[in-house]
Amino acid sequence: MPATTTRPTTSRDEGIVQTRTARQATSGRPFGNLRHRWWGILLLVAAALVFVVPLFILVTTAFKTNSDIYSWPPKVLPTDLTWDNLTTAWQLAPFGAFIKNSVIITVVGAVAKVVLAVFTAYAFAFLPFPGKNVLFLVMLGALMVPGHVTLLVNYITIGNMGLINTYAGIILPGVGSAFGTFLLRQHFMSLPTEVFEAAEVDGAGHFRKLASMVLPMSVPAVATVALVAVIDEWNSFVWPLIITNSVNMRTLPIGLMYLKANDGMVSWGVLMSGTLIVVLPMLLVFLLAQRYIVTGLTGAAAGSGR
């Protein structure tokens, strides 16, 4: 009788099972990725609508007539575009003076914030001095204190200095930026230390290292701090309202109050036109600088792990 041979059926079956399992996993993975992708798209659309819809209402209302604004059912787009709301808003309040004040305060205040944040962050990141960690924790505590807590102290200080109703009185209390210092310090700590060690061997001082190495490698982070400072100064309302007592020293956010009628009635087309004047410059600044934000925040997050 011919000899019978045994075949390794066990190993062959295990191979078939593994092949089928891998094939099923491979075939099912695109559907899972597609499902996650659609969820991500829906979340992005929902987040975009939260910001886009109010802006759309603001722009369209600024160019609507009163009949379109108070019509029912509401009209999405204006029937006839009108510039009367912008003209009326410009005539009701001295927006020329408001724009000049806002530009001066924003430029000077933002530059001062960025410069001080850069030097302070460099000191926290690279300079050894006693109590550095304690001071850094105290600075972080400033992020948790609402700004309104210091209004009275700042007002008394500025009043004693004789700076009420001046540009310096508006700018000085806000030149220190705990957020900017923290963000730049975290980013500076993510920079390669080998470059600075080589610069120290060549005899480079702190100002040379800051100007020739730290700042060129930190453009996104510095731009992020500058953008936050510009928006903060431009939109500041409470402090300029308290520290100024004349119309010619008011800023644009305060100027919106002058668009209300004396009897408390609000012309929404005029108010939206004034709001558009306030919002439009910041929208343009954000669109020009938005590519730096993600890079700057990512660099700061990388530095937090060191």
Side-chain angles (χ1 to χ4, degrees), residues 37-103 105-106 109-110 146-148 179 223-224 226-241 247 250-294 297:
R37 188 180 306 168
W38 277 110
W39 275 112
I41 293 174
L42 290 176
L43 290 176
L44 289 176
V45 170
L49 289 176
V50 172
F51 295 97
V52 172
V53 171
L55 183 61
F56 176 79
I57 295 174
L58 167 65
V59 175
T60 55
T61 306
F63 297 99
K64 283 182 180 180
T65 60
N66 286 333
S67 59
D68 287 343
I69 293 174
Y70 294 104
S71 64
W72 188 263
K75 295 182 179 180
V76 178
L77 297 174
T79 304
D80 297 317
L81 290 176
T82 177
W83 296 90
D84 294 340
N85 294 327
L86 286 171
T87 304
T88 304
W90 195 269
Q91 293 174 350
L92 287 177
F95 270 91
F98 295 159
I99 292 175
K100 182 191 73 173
N101 296 334
S102 291
V103 170
I105 292 169
T106 299
H148 296 78
F179 169 77
T224 303
L227 178 62
V228 174
V230 166
I231 294 176
D232 184 47
E233 294 291 334
W234 185 268
N235 293 333
S236 181
F237 176 82
V238 176
W239 177 247
L241 177 63
V247 177
R250 303 294 194 186
T251 55
L252 278 173
I254 303 173
L256 295 179
M257 295 193 308
Y258 291 88
L259 301 182
K260 291 185 178 181
N262 294 329
D263 55 359
M265 298 297 294
V266 178
S267 177
W268 290 108
V270 175
L271 184 59
M272 292 300 176
S273 297
T275 306
L276 186 62
I277 296 174
V278 178
V279 171
L280 188 58
M282 289 301 99
L283 286 177
L284 296 177
V285 170
F286 179 78
L287 291 175
L288 293 175
Q290 62 175 340
R291 65 191 184 95
Y292 293 106
I293 297 176
V294 176
L297 295 178

S.K.: Give every residue pair that meets the salt bridge (Lys or Arg N to Asp or Glu O under 4.0 Å) criterion with at least one member in residues 231-240, sequence neighbours excluded.
M.R.: Lys113-Asp232, Lys113-Glu233
S.K.: What is the minimum heavy-atom distance between Ala89 and Ser273, and which atoms define it?
M.R.: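 So the two residues come closest at CB-CB, 4.4 Å.
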S.K.: Quick one: list whatever passes side chain to side chain contact (heavy atoms under 4.5 Å, CB included) with Leu77, sequence neighbours left out.
M.R.: Phe56, Thr60
S.K.: What closest approach, in Å, do Phe98 and Gly255 show between heavy atoms, and which atom pair accounts for it?
M.R.: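 Of all heavy-atom pairs spanning Phe98 and Gly255, the closest is CE1-CA, 3.4 Å.
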S.K.: Compare every heavy atom of Trp234 with every heavy atom of Ser102, then report the nearest pair and how far apart it is.
M.R.: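 Result for this residue pair: CB-CZ3, 3.8 Å.
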S.K.: Under a 4.5 Å cut-off applied to non-hydrogen side-chain atoms, are Trp239 and Thr251 in contact?
M.R.: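 SC-SC contact between Trp239 and Thr251 ruled out.
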S.K.: Of all the heavy-atom pairs spanning Tyr258 and Ala93, show the shortest one and how long it is.
M.R.: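 Minimum heavy-atom contact is CB-CB, 3.8 Å.
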S.K.: Quick one: list whatever passes side chain to side chain donor-acceptor pair (under 3.5 Å) with Thr82, sequence neighbours left out.
M.R.: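 Result, side chain to side chain donor-acceptor pair (under 3.5 Å) vs Thr82: Asp84.
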S.K.: In chain order, what residues pass the side chain to side chain contact (heavy atoms under 4.5 Å, CB included) check against Phe51, with sequence neighbours excluded?
M.R.: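 Listed in chain order: nothing, the list is empty.
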S.K.: Could you tell me if the side chain of Pro94 sits less than 4.5 Å from the side chain of Val247, heavy atoms only?
M.R.: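 Counting from C-beta outward, Val247 and Pro94 do come under 4.5 Å.
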S.K.: Under the rule for side chain to side chain contact (heavy atoms under 4.5 Å, CB included), what residues qualify as partners of Leu49, not counting sequence neighbours?
M.R.: Val45, Val53
S.K.: Which heavy atom of Leu259 sits nearest a heavy atom of Val270, and at what distance?
M.R.: CD1-O, 3.7 Å
S.K.: Taking only residues two or more places apart in sequence or in another chain, which ones pass side chain to side chain donor-acceptor pair (under 3.5 Å) with Thr79?
M.R.: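 Once residues adjacent in sequence are excluded, the partners of Thr79 under the side chain to side chain donor-acceptor pair (under 3.5 Å) criterion are Asp68, Lys75.
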S.K.: Any heavy-atom pair between the side chains of Thr88 and Asn85 that's under 4.5 Å?
M.R.: no
S.K.: Looking only at heavy atoms, what is the nearest atom pair of Ile69 and Lys64, with distance?
M.R.: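 Smallest heavy-atom distance, with atoms named: CG1-CB, 3.7 Å.
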